[in-house]
Amino acid sequence: MNKLFDQIEKLNKFQKKRVSEFLSIIDTPLDDLVGQIEELNKFQQNRVSEFVGALKKPYKEWLNKGSSYIDELFAEEFRSRILTQHAFQDTPLFQDTFDSAFIAALNASGKNCKSAPAGERFWDLIVDDFRISLKSTKAKSLNLKKLKISKLTEAAWIQDCRTASMREKRTKDLFAEYIDVVDTIFQLRYFAKKAYYELVEIPVELFAPILEVPRESFDSDGPTINIPVGMDPPILKLKIDRSDAKITINSILKSHCIVHGTWTLI
C-alpha cells in the first residue's frame, strides 16, 4: 500500500485527476485520494495500481512549438488520456473518445471552448469563436505523407443527381457553405503498427479550388477530381461517393497541413 501511495505522490496533477476519475467508476468518494484507496478491497487496489502504472508508461512526444493550440498543459492532459485509454480499453483514442480528450485538453490549457449544438452538420466545437471539425482515423492503410477524410460530410443528394450540372451545383453549394461555416479541421491519426499518434490540422482553405472546378469534371456518376484541377501532383482529391452518399477527401498532401503533435507509446 505504501508503495502505491508513493507512486501516486509522484504523479502530476493531470495524472492524479485520471486516478480520481478512475476511482469514481468503482463508487468511492472523491474527497481524499489516499482515503479512497484505503477503503478499497485488495482487488480494487490492484486495479488502481495497474492504472497508476499505465500513467507512468514510457512514451515519446513531439510538440509543435509554433502551435496556437498545443502547449504543455494541453499535452499533459491529452497524453494522460492516451495512456489510460490503451491501458484499460486496449483501443486507441477514436471518434467520441478523441473528441472528449481534445476538448478536455483545450480546457486544461485555458482555452474557451464548447461543443457544437445538437444537429450541427459540419463542425464539432468552437474555440474562441473559431469553429473546428474533429476527425479521427485508425485505418490500416494510413500514409505518412498523405491524409484521407473518409467522410467529410454526408450528402444524400448525390444519389439523386443524374447530370453533370446538378452534381456541379450541389457540390459547389456544399463547399461554399462548408468553407463559410468551418474554420479548420483537426484529424487524429493512429498508426497501429508503430503505436503512433499524429495530430494534424487540415486548413479549410485547401478546399477553395473546388469552387472553380469545370463542369466536365462532374460527368461521371461518382467522380474523383484532382484539386486543383491540372496540378500534378494535386494537393488533394475530391471523391463524390455515390454508393455511400458522402463526400470523401483523399490524398491530402501533409506538406500543406500543420502537424501539431505526435505521441508514440513504448
Side-chain angles (χ1 to χ4, degrees), residues 14 18 54-55 57 59-109 111 113-116 120 122-127 130-153 178 182-204 206-207 236 246-266:
F14 299 97
R18 294 287 82 73
L55 289 168
K57 280 191 173 182
Y59 61 89
K60 290 182 180 179
E61 180 179 78
W62 173 84
L63 304 179
N64 184 340
K65 299 303 182 183
S67 173
S68 57
Y69 294 91
I70 313 303
D71 56 19
E72 293 296 336
L73 294 175
F74 179 103
E76 289 284 2
E77 177 73 20
F78 197 71
R79 183 196 320 124
S80 70
R81 288 176 178 265
I82 287 175
L83 292 171
T84 53
Q85 175 75 15
H86 282 266
F88 286 90
Q89 299 297 324
D90 198 26
T91 57
L93 287 181
F94 182 65
Q95 294 181 338
D96 289 346
T97 56
F98 163 54
D99 291 5
S100 61
F102 188 78
I103 292 171
L106 287 173
N107 285 329
S109 69
K111 294 287 193 301
C113 65
K114 60 181 180 180
S115 299
E120 171 54 47
F122 292 141
W123 55 279
D124 298 290
L125 73 153
I126 186 166
V127 181
F130 208 67
R131 293 180 293 271
I132 298 174
S133 172
L134 296 177
K135 303 291 183 182
S136 56
T137 179
K138 55 180 180 178
K140 294 181 180 179
S141 59
L142 291 181
N143 186 312
L144 278 170
K145 295 184 178 180
K146 295 180 180 181
L147 290 80
K148 176 180 180 179
I149 303 175
S150 61
K151 184 172 77 172
L152 181 72
T153 180
Y178 192 95
V182 180
D183 291 301
T184 198
I185 301 167
F186 272 84
Q187 184 181 68
L188 183 68
R189 308 205 298 161
Y190 179 66
F191 296 78
K193 289 185 178 180
K194 298 181 178 181
Y196 172 78
Y197 285 94
E198 184 178 64
L199 184 61
V200 186
E201 182 179 359
I202 304 168
V204 170
L206 298 182
F207 301 155
L236 58 88
K246 66 181 182 180
I247 299 293
T248 295
I249 308 294
N250 287 324
S251 302
I252 308 168
L253 296 181
K254 195 169 74 175
S255 58
H256 288 261
C257 303
I258 304 167
V259 179
H260 285 270
T262 64
W263 295 265
T264 304
L265 306 179
I266 301 173

Treating Asp183 as the side-chain partner and Ile132 as the backbone partner, does any N or O pair qualify as donor plus acceptor under 3.5 Å? no
Sequence neighbours excluded, which residues qualify as ring pair (Phe, Tyr, Trp, His ring centres under 6.0 Å) partners of Tyr69? Phe186, His260
Set of salt bridge (charged side-chain N to carboxylate O under 4.0 Å, His left out) partners for Lys151, sequence neighbours left out: Glu154
Show every donor-acceptor pair shorter than 3.5 Å between a side-chain atom in residues 76-83 and any protein atom, with sequence neighbours excluded, or say none if there are none.
from	atom 1	to	atom 2	distance (Å)
Glu76	OE1	Asn12	ND2	2.7
Glu76	OE1	Arg79	NH1	2.9
Glu77	OE1	Arg18	NH1	3.4
Glu77	OE2	Arg18	NH1	3.0
Glu77	OE2	Arg18	NH2	3.1
Glu77	OE2	Arg81	NE	2.8
Glu77	OE2	Arg81	NH2	3.2
Arg79	NE	Tyr59	OH	3.4
Arg79	NE	Glu61	OE2	3.0
Arg79	NH1	Tyr59	OH	3.4
Arg79	NH2	Glu61	OE1	3.0
Arg79	NH2	Glu61	OE2	3.2
Ser80	OG	Arg18	NH1	2.9
Ser80	OG	Glu76	O	3.4
Ser80	OG	Glu77	O	2.8

Listed partners of Ser251 passing side chain to side chain donor-acceptor pair (under 3.5 Å), at least two apart: none
Can you sort out the partners of Ser68 under side chain to side chain contact (heavy atoms under 4.5 Å, CB included), two or more places apart, ordered by chain and number? none
Residue pairs fulfilling side-chain hydrogen bond (donor to acceptor under 3.5 Å, both in side chains) with at least one residue in residues 95-104, sequence neighbours excluded: none
Going by the rule ring pair (Phe, Tyr, Trp, His ring centres under 6.0 Å), which residues pair with His86 if we only count those two or more places apart in sequence or in a different chain? Tyr190, Tyr197
What pair of heavy atoms forms the shortest contact from Val200 to Cys257, and how long is it? CG1-CB, 3.7 Å
Do any pairs count as a salt bridge (Lys or Arg N to Asp or Glu O under 4.0 Å) and have a residue in residues 185-194, sequence neighbours left out, and if so which ones? Arg189-Glu198
So, using side chain to side chain donor-acceptor pair (under 3.5 Å) as the criterion, who are the partners of Thr91 when residues are at least two apart? Gln85
Treating Lys135 as the side-chain partner and Leu152 as the backbone partner, does any N or O pair qualify as donor plus acceptor under 3.5 Å? yes
Pair listing, salt bridge (Lys or Arg N to Asp or Glu O under 4.0 Å) test, anchored in residues 64-73, at least two apart: Lys65-Glu72
Identify every side-chain donor-acceptor pair in residues 138-148 under 3.5 Å, counting partners at least two apart or on other chains, and give the distances.
from	atom 1	to	atom 2	distance (Å)
Asn143	OD1	Lys145	N	2.7
Asn143	OD1	Lys146	N	3.3

Not counting sequence neighbours, which residues clear ring pair (Phe, Tyr, Trp, His ring centres under 6.0 Å) with Tyr196? List them please. Phe191
